[in-house]
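First up is the structure itself, then whatever we jot down about it.
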Amino acid sequence: MMKNKKKRSIKMDTMVIHDGYDANQFQGSLTPPIFQTSTFTFESAEQGERRFAGDEDGYIYSRLGNPTVRILEERMAQLENGEAALAFGSGMAAVSAVLIALTKASDHIICSQGIYGCTFGLLSMMKEKYHIHTDFTPMETEEQIRSLVRPETALIYVETPINPTMKLVDLELVVNVAKEYDIPVVVDNTFSSPYLQQPLTIGCDIVIHSATKYIGGHGDVVAGLVVGPKDFLDEVSVTTQKDVGGIISPFDAWLLLRGLKTLPVRLDRHCSNARKITEMLKEHPMVSKVYYPGDPDHPDYPITKKQMKQGGGLVSFEIKGDKQDAQKFLNMLNFIPIAVSLGDAETLIQHPATMTHAVVPEESRLKMGITDQLIRLSVGLEAWEDICDDLKQALDELAKMKNPAY
Ligand SMILES: *Cc1c(COP(=O)(O)O)cnc(C)c1O
């Protein structure tokens, strides 16, 4: 339906550092300046008129555009291999701007089975208020998706890997069906970042990120990004971005530009640490299941090989025991913080059943594989030996509590 850019030969490790910025345009400043300003002055009344009429390029007011934010948007468009990008004040501001822009009352959405909790909340609200119905499907076969298509289907929304059980959706399969019916495919690429997975290159139309996670990478900013065709993003920028107003601050855009420079370096480490930790967990007698897309034993490993560069930084696992045992295990960790969010330098651990997925009714939760024993780990950048040791000592303690002879 929509066109995105052709692939360039320059490597991503270089793009994250240079793309979208020309120091010569900013007095030679090596790093992009922070334009901490709400508005921009005009040289004359006539210039103001021309800017508002769109007859002259230039800034007007920071909700409509800001130079620091623009640099981030240009860099992100290149990284996701898209025509254009827009930055937002949170991942959810990005998700809502896209969903509202693509739909009208009584439309229909096809969505992957597991999605971020607040995206689910937004879809529920759209159903109540605007009669926009969403069908959820595991998207395992083309037929599964095709059988749900209706004349009023406005978009297909996909998250892969799916949080927290790390099931994957084959994006090529989704694109095949979407192209038949000319329906745009929107992918929340937060868990992979453009370094590990590029949905636009596969033929999807729009990519969304919670930049709070791997793009920022340091746990110090909440932000969102959308990448896609210029026509569509031009429309979003003058409608759901300008008039709903979930914009990013220039300082937060600057933090993301700084975070992006190390994205490939960080992701390589997140992924290699995650592989080591997966190996340790698979061997431990207190662990009954391990879910990691980079594990050759993962049922969706062929999809990982097909569309991801590496398996990512998230590992989920089930311990032997019940909810109380899961909580005891978390409490016995020495340095790994108990926290939601992901993609930070710090390894973070959380209990989906009582935290990120607490609002999901128990029956649906269990159907999604989110048991009381399931733990989600966002593997950080610490030495993998130290992360393993901490997990292992808490698992060993738990084993001793349950079986003193251990
Ligand atoms: C965190 C997250 C979001 C929401 O992003 P915020 O920046 O917290 O608003 C959306 N999708 C996924 C997959 C996420 O992990």
Option from Val236, Asp107, Thr240, Ile206 for which side-chain contact (heavy atoms from CB on, under 4.5 Å) with Leu102 holds = Ile206
Approximate separation, where rounding is to 0.5 Å, of Leu123 CG and Glu128 CD = 12.0 Å
request  = Taking the six-membered ring for Trp and the full ring for Phe, Tyr or His, determine whether the centres of His284 and Phe317 are under 6.0 Å apart.
outcome  = no
request  = Could you tell me whether a side-chain N or O of Thr190 sits under 3.5 Å from a main-chain N or O of Ser210, the two making a donor and an acceptor?
outcome  = yes
request  = Could you tell me which non-hydrogen atom of Ser62 sits nearest to which non-hydrogen atom of Asn66, and how far apart they are?
outcome  = OG-ND2, 3.1 Å
request  = Calculate, to the nearest 0.5 Å, the distance between atoms CD1 and CG belonging to Ile277 and Asp390 respectively.
outcome  = 10.5 Å
query = Applying the side-chain contact (heavy atoms from CB on, under 4.5 Å) test to Leu171, which of Gln197, Met139, Met308 qualifies?
reply = Gln197
request  = Dump the intermediate steps for side-chain contact (heavy atoms from CB on, under 4.5 Å) on Arg75 and Met15, then the final yes or no.
outcome  = CA-CA 7 Å; Arg75 187 165 294 174; Met15 293 164 70; over 6 Å; no
note = Those residues at least two apart in sequence (or on a different chain) that pass side-chain hydrogen bond (donor to acceptor under 3.5 Å, both in side chains) with Thr153 are His108
ask   = Does the distance from a Lys or Arg side-chain N to an Asp or Glu carboxylate O, for Lys392 and Asp396, drop under 4.0 Å?
value = yes
ask   = Quick one: do the Thr201 and Asn81 side chains pair a donor with an acceptor below 3.5 Å?
value = yes
inquiry  = Measuring from atom CD1 of Ile71 to atom CZ of Phe35, what distance do you get when rounded to the nearest 0.5 angstrom?
reply    = 7.0 Å
ask   = side chain to side chain donor-acceptor pair (under 3.5 Å) between Gln198 and Asn189: does it pass, once the steps are laid out?
value = CA-CA 8 Å; Gln198 291 185 311; Asn189 203 27; over 6 Å; no
Residue pairs, two or more places apart or on separate chains, that pass ring-ring contact (aromatic ring centres under 6.0 Å, His included) and touch residues 116-163 = Phe120-Phe136
ask   = How about Thr356 and Gln350: does a side-chain donor come under 3.5 Å of a side-chain acceptor?
value = yes
ask   = Looking at Lys282 and Glu279, does any basic side-chain N land under 4.0 Å from a carboxylate oxygen?
value = no
inquiry  = Does this structure show an ion pair linking Lys402 with Asp322, if we count only N-O contacts that are shorter than 4.0 Å?
reply    = no
message = side-chain contact (heavy atoms from CB on, under 4.5 Å), that's the test. Do Lys127 and Ile132 meet it? Break it down for me.
response = CA-CA 4 Å; Lys127 182 177 177 183; Ile132 298 170; 5.8 Å; no
